[in-house]
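Data first, discussion second: the structure below is written as structure tokens.
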Amino acid sequence: MSEVTEQMRRHSAAHLMARAIQNIFDDVQVDIGPATDEGFYYDFDLPHRLSPDDFPKIEAEIARLIALDEPFVRKVVSREECAKMLEGQHYKLDRLSDIPEGEDISTYTVGDYAEMCRGPHVEHSKQIGVVKLTRLAGSYYRGDEKNKMLQRVYGVVARDEAELKAMMERIEEAKRRDHRRLGVELDLFHLDPEDPGQIFWHPKGWSVYVTLQDYMRRKIVADGYQEVNTPALMPRSLWEKSGHWDHYKANMFITESEKRIFAVKPMNCPGALEIFKSRMRSYKDLPLRLAEFGHCARNEPSGTLHGIMRVRGFVQDDAHIICTQDQIGEEVAKFCRLLKDVYKDFGFDKNLLVKLSTMPEDHVGDEATWQRAEAALAEACKACGMDYVIQPGEGAFYGPKLEFKITDALAREWQCGTIQLDYQLPSAERLNAEYVGPDGQKHHPVMLHRAVLGSLERFIGILIEHYAGAFPLWLAPEQVRVLPVSDKALAYAEKTAEALRAIGMRVGIDSSAEKLGAKIRAATMEKLPYQIVVGPRDEANGTLSVRSRAEGDLGAMTLDAFIERVKAEKYVL
RNA sequence: GCCAGGUUAGCACAAUGGUAGUGCAACGGUUUUGUAAACCGUAGGUUGGGGGUUCGACUCCCUUACCUGGCUCCA
């Protein structure tokens with residue numbers, strides 16, 4: 001028999017949990033319970049409202065079932081036999097009807113408990129190990145919010161108590177990296193419960209923000225973009241023409257002035273097209289790459305908000321490329337090169353997940369155009385050596401897209417970069433953007449919506465967790481702090497700080513009355529890249545005593561030597 | 001928005017129906033300090049908001065806002 005995989009153990013644990021819950025509670029309807037990357041879950045519908053207080057009882061029952069060490073027995077059955085077995089389990093029966101005619105229907109039986117399941121499973125229940133339930137959640141049947149919400153129980157599986165403990169410690173470590181926690185500890189930003197989803201950036205957090213933004217600005221200017229800025233508040237008439245009023249109104253913040261309705265922009269694209277339309281455009285102007293760090297507001301449902309990663313007010317490193325149909329391929333490839341170049345600077349180029357979303361059922365435009373567009377996206381990925389997975393039918397109704405995803409400290413995926421093809425917005429039905437072609441006729445251009453970092457807010461959230469708050473030198477809000485050993489060294493400390501500020505470094509001085517040890521501890525807790533200790537001895541020798549976050553005490557060196565060091569480390573990227 | 005669980009001082013947490021505490025941070029004083037926490041003192045709260053039960057509520061019930069974990073959605 002084949003080896004027992006982690007997936008098999010998790011999936012088998014899910015079966016035993018379903019059995020345990022049915023043993024304990026009455027009138028349990030079971031849905032499905034797959035293994036996940038982390039553990040497993042199972043969805044139930046039962047009159048009893050499950051709570052974490054129920055976990056010990058359920059875990060004990062699962063442990064009892066595991067200890068019985070019963071075999072998991074697979075059997076191929078007829079549709080009728082399976083339906084008979086599932087009598088009264090209407091979610092399961094509904095799932096049974098999904099299985100195409102002619103396909104094998106298998107069941108797994110363990111002890112007195114049988115379930116329709118594709119498998120595979122462990123051979124004996126003891127192979128599962130230790131099961132711990134971790135959390136409880138609601139989940140719509142078949143993932144559709146129109147359906148009933150079921151109760152989902154999540155759990156993890158470990159070989160033994162020691163491995164379980166190690167798993168729990170990993171979760172604790174991830175929590176320590178959580179950007180919401182570090183954001184407060186490092187005094188980067190705060191969120192006000194009275195103003196949900198809006199970020200108050202503190203001096204240090206804003207330093208990271210503008211440093212990142214300036215970096216991105218240099219990158220895009222070098223790549224042929226021009227930066228623009230468009231109004232935050234735009235009139236209803238514009239949103240009606242763009243289609244947002246019909247399709248996006250629920251997510252827009254709407255306001256009124258002198259009987260006219262305005263909306264805070266949820267996207268920058270109409271603004272970019274207004275600029276394009278402000279004068280007659282020639283095919284010689286294309287591609288036109290208009291970048292905008294525009295502040296957008298989206299009224300996201302309260303349940304979706306998450307720290308600074310999912311908010312209601314944010315800025316994307318947004319740009320709109322207005323081009324001809326023929327230019328799409330080259331523009332997408334150019335974008336992918338830029339994205340890869342940028343991600344490399346953060347170490348995100350390696351485990352990057354690229355998703356290509358193709359034509360949905362509900363779409364505009366003919367299929368041939370869609371196919372060409374999808375091919376252009378796929379081609380661009382290949383040209384840059386990026387693997388991608390296809391998400392069939394997940395594209396926007398106006399065009400296919402590429403999404404670039406990064407994983408946070410708690411293993412959640414976040415979409416950062418994206419490039420979306422849009423045939424709709426520039427069309428006559430929408431904002432009616434036109435250029436004069438070589439034939440002297442007017443044509444509608446194609447629009448590419450794209451962002452490399454996604455929203456700056458989300459990207460910074462990911463960076464905080466990625467670096468565990470220890471920003472690389474170029475991004476650190478305070479790159480160096482000078483620590484005078486006492487007031488007597490204060491003048492020399494100030495002179496040193498001035499010299500470093502003169503080369504554009506962000507420098508602080510700890511002039512508090514604390515002892516040196518306490519100053520070092522404080523700077524260390526704040527994760528500063530460099531600390532420079534100065535005292536009478538340094539002043540006499542004309543040196544600095546340097547401490548690096550990565551390497552500890554580096555001993556005495558001259559100011560010039562330190563400057564050489566930070567230049568080599570690229571204190572500006 | 002939906003399901004579940006939370007909300008106690010700036011932060012991290014305690015107090016299971018009977019006088020709201022501890023640590024760090026803050027503030028004041030003393031100490032002038034050489035590589036991860038000097039010492040002493042002070043102040044800080046209508047226990048998220050509102051309502052109810054009770055002689056008495058941080059504690060029990062209802063309601064509301066927000067947060068957390070998922071689901072749906074999404075940068």
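So that the names make sense, note that chain A is the first sequence line, chain B the second, and so on, each numbered from 1. On a predicted model such as this, the values are computed, not experimentally measured, just so you know.
- Between A:His449 and B:A75, a side-chain N or O to OP1/OP2 separation shorter than 4.0 Å is absent.
- Side-chain proximity of A:Lys488 to the nucleotides B:A75, B:U32, B:C66 is greatest for B:U32.
- Legend: salt bridge (charged side-chain N to carboxylate O under 4.0 Å, His left out) pairs involving residues 527-552 of chain A, not counting sequence neighbours, sorted by first then second residue: A:Glu551-A:Arg565.
- Listed nucleotides: B:U35, B:A37, B:A75. Nearest to the side chain of A:Leu516: B:U35.
- Distance A:Ile171 CD1 to B:G70 P: 11 Å, rounded to the nearest Å.
- Of the charged side-chain nitrogens involved, at least one lies within less than 4.0 Å of a carboxylate oxygen, so that A:Asp54 and A:Lys57 count as a salt-bridged pair.
- Checked against A:Pro270 for a side chain to side chain contact (heavy atoms under 4.5 Å, CB included), the options A:His244, A:Arg430, A:His320 give a single hit: A:His244.
- Pair assignment for B:C55 gives B:G18, based on Watson-Crick or G-U wobble hydrogen-bonding distances that are each under 3.5 Å.
- A salt bridge is defined here as a Lys NZ or Arg NE, NH1 or NH2 lying under 4.0 Å from an Asp or Glu carboxylate O, and A:Arg176 with A:Glu173 meets this definition.
- In this structure, A:Met309 places its CE atom 15 Å from C1' of B:G69, rounding to the nearest Å.
- Only the P atoms considered, B:U22 is 22 Å distant from B:G17, to the nearest whole Å.
- Listed pair A:Arg180 / B:G69 meets the phosphate criterion, a side-chain N or O lying under 4.0 Å from OP1 or OP2.
- In this structure, the nucleotide among B:G69, B:C71, B:A75 sitting nearest to the side chain of A:Tyr154 is B:C71.
- Of the P atoms belonging to B:C60 and B:C73, the separation is 37 Å, rounded to the nearest Å.
- To the nearest angstrom, C1' of B:U30 lies 13 Å from CD of A:Glu514.
- Across every strand in view, B:A75 sits unpaired, with no contact that passes the Watson-Crick or G-U test at under 3.5 angstrom.
- Nearer the 5' end of RNA chain B, as judged by each residue's closest nucleotide, is the contact made by A:Val533, out of A:Val533 and A:Phe314.
- The separation between A:Phe55 atom CZ and B:G70 atom P is 13 Å, rounded to whole Å.
- Under the Watson-Crick or G-U wobble criterion, with both distances below 3.5 Å, B:G45 has no partner in any strand shown.
- A donor and an acceptor atom never sit less than 3.5 Å apart when one is taken from the side chain of A:Arg312 and the other from the base of B:C74.
- B:G28 is paired with B:C40 under the criterion used here, namely a Watson-Crick or G-U wobble arrangement in which both key atom distances are under 3.5 Å.
- Rounded to whole Å, atom P of B:G23 lies 20 Å from atom CD of A:Glu185.
- A straight line from CZ of A:Phe44 to C1' of B:C71 spans 16 Å, rounded to a whole angstrom.
- Between the CG atom of A:Leu544 and the P atom of B:U35 there is a distance of 17 Å, rounded to whole Å.
- B:U59 and B:A9: their P atoms are spaced 15 Å apart (whole Å).
- Nearest nucleotide to the side chain of A:Ser545, out of B:U72, B:G34, B:C74: B:G34.
- For A:His306, taking side-chain heavy atoms from C-beta onward, the closest of the listed nucleotides B:U72, B:C71, B:G69 is B:G69.
- Nucleotides B:U64 and B:C71 are separated by 25 Å at their P atoms, to the nearest Å.
- Not counting sequence neighbours, the partners of A:Arg10 by the salt bridge (Lys or Arg N to Asp or Glu O under 4.0 Å) test are A:Glu6.
- An aromatic stacking contact between A:Trp414 and the base of B:A75 is absent, as defined here by ring centres under 5.5 Å apart and ring planes under 30° from parallel.
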Exercise for the section: Could you give me the CA-CA distance, side-chain angles and deciding distance for A:Ile308 and A:Trp201, then say whether side-chain contact (heavy atoms from CB on, under 4.5 Å) is met? Expected result: CA-CA 10 Å; A:Ile308 63 170; A:Trp201 287 101; 3.9 Å; yes
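- For B:C66 and B:G49, the P atoms lie 15 Å apart once the distance is rounded to whole Å.
- A salt bridge is defined here as a Lys NZ or Arg NE, NH1 or NH2 lying under 4.0 Å from an Asp or Glu carboxylate O, and A:Asp214 with A:Arg217 meets this definition.
- Comparing A:Pro196 and A:Pro301 by the nucleotide of RNA chain B that holds the closest heavy atom to each, the one mapping nearer the 5' end is A:Pro301.
- The separation of B:A57 from B:G51, taken at their C1' atoms, amounts to 14 Å, rounded to a whole angstrom.
- Atom NZ of A:Lys148 has 12 or fewer heavy atoms from other residues, nucleotides or ligands within 6.0 Å.
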Exercise for the section: Produce a footprint string for nucleotides 2-9 of chain B: one letter per nucleotide, 5' end first; B if the base is under 4.0 Å from any protein heavy atom, S if only the sugar-phosphate is, - if neither. Expected result: BBSS----
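- Within the shown strands, nothing qualifies as a pairing partner of B:U35 under the Watson-Crick or G-U definition with both distances less than 3.5 Å.
- Screening A:Ile462, A:Ile460, A:Leu456 for a side chain to side chain contact (heavy atoms under 4.5 Å, CB included) with A:Arg458, the sole residue that qualifies is A:Ile462.
- One interatomic measurement links the two molecules: CD of A:Gln198 to P of B:C67, which rounds to 11 Å at whole-angstrom precision.
- With a cut-off of 3.5 Å on both Watson-Crick or G-U wobble distances, the partner of B:G23 is given as B:C11.
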